[in-house]
2 protein chains.
Amino acid sequence: MQNRIADLLKKNQLSITDSRKKILELFQNAGGALAHSDIEKMSGEHFDRVTIYRTLQTFVEKGIIHTIPTVDNSVLYALCKDECSAGHHHDNHVHFICDDCGTTYCLDHVLIPKVELPLGFTEKQTDLVVSGTCKNCN
Amino acid sequence: MQNRIADLLKKNQLSITDSRKKILELFQNAGGALAHSDIEKMSGEHFDRVTIYRTLQTFVEKGIIHTIPTVDNSVLYALCKDECSAGHHHDNHVHFICDDCGTTYCLDHVLIPKVELPLGFTEKQTDLVVSGTCKNCN
DNA sequence: TTTGTTTTGCAACTATGTTGCAAACGATTA
DNA sequence: TAATCGTTTGCAACATAGTTGCAAAACAAA
Ligand SMILES: [Mn+2]
Ligand SMILES: [Mn+2]
Ligand SMILES: [Zn+2]
Ligand SMILES: [Zn+2]
């Protein structure tokens, strides 16, 4: 569906450009999470590095994608669910990174449990990343 | 206790050098977690960047310090508890990052809850990072 | 103190991310 | 369809983070 992509951009008041369309397409086909370098390679070296950085930034701000913290200190991005919008993410789900194949999954149905913090500490955001072996590699 | 530091190095079969002593000392005084750049500044620009990288790497391998994943994609290090040893970390505790003062805490007494993964996924390691406001900033 | 091993500092390099600016592009309106 | 105007892009230049090879220095053991 090419129109899905255009509609998503319009809905977020973003002009429809080649790089935005292509990068969104990559996310929809990938299923899992992508790193900046993945996109650089998969886009066929068409777009400037800077453009990709700026596009990802824009998408994060608009709530189209979200970042995933990883243990090895690399930045990953994945599509947000429809309920997300600018400044109002609903990313309270667990992320899973497979040590074998490297795929990162958004486990949308596995919610992050509440943790009891010591007195005086107040929570604003919680990130939970599990690593191990995924269903394909087991 | 200067001897504590030397003993810790000996116990891990590491030769006792100025940089290792100084960096361990910084961790013991800091209480919280430190970034590579913190150490670079706090050590009085004495040691080469490369030496600091290699020292931190060595300490992680020996189980003297552990890394903390952060949402903003920076690497933090903190002292391990005594039970940790090379290849056998007991870092199943929650980490807390204060949005106000930037301090990162190891909440050694707050354990990471088990999460139910979908069928086929097996856990090996779980990291949980909470951000918000710490006891000093509240 | 001598010896052999480990660690350090330096230089050079790769990777990752940011900024300013002019040219190209996209949306809108005539 | 063409003109206009704001947005987006690519480029160059820069900044920061991290890695590697190698010779000199420091350390541990004898
Ligand atoms: Mn996700
Ligand atoms: Mn910790
Ligand atoms: Zn896998
Ligand atoms: Zn604080």
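The structure displayed is predicted, hence computed values, not measured ones. Naming: A, B, ... by sequence-line order, numbering from 1 per chain.
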For nucleotides 27-30 of chain D, give me every protein contact, N/O to N/O, under 3.5 Å, one pair per line with atom names.
from	atom 1	to	atom 2	distance (Å)
D:dA28	OP1	B:Ile16	N	2.8

Sequence-aligned protein contact record of nucleotides 9-20 of chain C, with B where the base is within under 4.0 Å of a protein heavy atom and S where only the sugar-phosphate is: BBB----BBBBB
For the pair B:Lys21 and B:Ile16, evaluate side chain to side chain contact (heavy atoms under 4.5 Å, CB included) and give the outcome as yes or no after the intermediate values. CA-CA 7 Å; B:Lys21 278 191 289 184; B:Ile16 296 164; 3.8 Å; yes
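As a whole-Å value, the separation of B:Leu9 CG from C:dT6 P is 16 Å. At whole-Å resolution of the value, CZ in B:Phe59 and C1' in C:dT7 are 12 Å apart. The distance between atom CG of B:Asp38 and atom C1' of D:dA17, rounded to the nearest whole Å, is 14 Å. The interatomic distance linking A:Asn12 (CG) with C:dA27 (P) rounds to 14 Å, in whole Å.
Comparing the start and finish of the helix from C:dT1-D:dA30 to C:dA30-D:dT1, five pairs each, the helix axis swings through 30°, to the nearest 10 degrees.
Taking 4.5 Å as the limit, some side-chain heavy atom of A:Gln28 sits within range of a side-chain heavy atom of A:Leu79.
With sequence neighbours excluded, the residues that form a ring pair (Phe, Tyr, Trp, His ring centres under 6.0 Å) with B:Phe121 are A:Phe96, A:Tyr105. The side chain to side chain contact (heavy atoms under 4.5 Å, CB included) check on A:Ala78 picks up A:Ala33, A:His66, A:Ile68, A:Cys106, with sequence neighbours excluded.
Side chain of A:Asp48 to main chain of A:Val50: a donor-acceptor pair is present (N/O by atom type, distance under 3.5 Å, no hydrogens or angles). Side chain of B:Asp7 to main chain of B:Arg4: no donor-acceptor pair is present (N/O by atom type, distance under 3.5 Å, no hydrogens or angles). Under a 3.5 Å cut-off, the side chain of B:Arg20 and the backbone N or O of B:Ser15 do form a donor-acceptor pair.
Listed by first then second residue, pairs satisfying ring-ring contact (aromatic ring centres under 6.0 Å, His included) with a partner in residues 5-41 of chain A read A:His36-A:Tyr53, not counting sequence neighbours.
A chain of hydrophobic side-chain contacts below 4.5 Å, direct or via other Ile, Leu, Val, Met, Phe, Trp or Tyr residues, connects A:Leu56 to A:Ile64.
Interatomic distance, CG of B:Leu111 versus OG1 of B:Thr126, reported as 12.0 Å (0.5 Å rounding).
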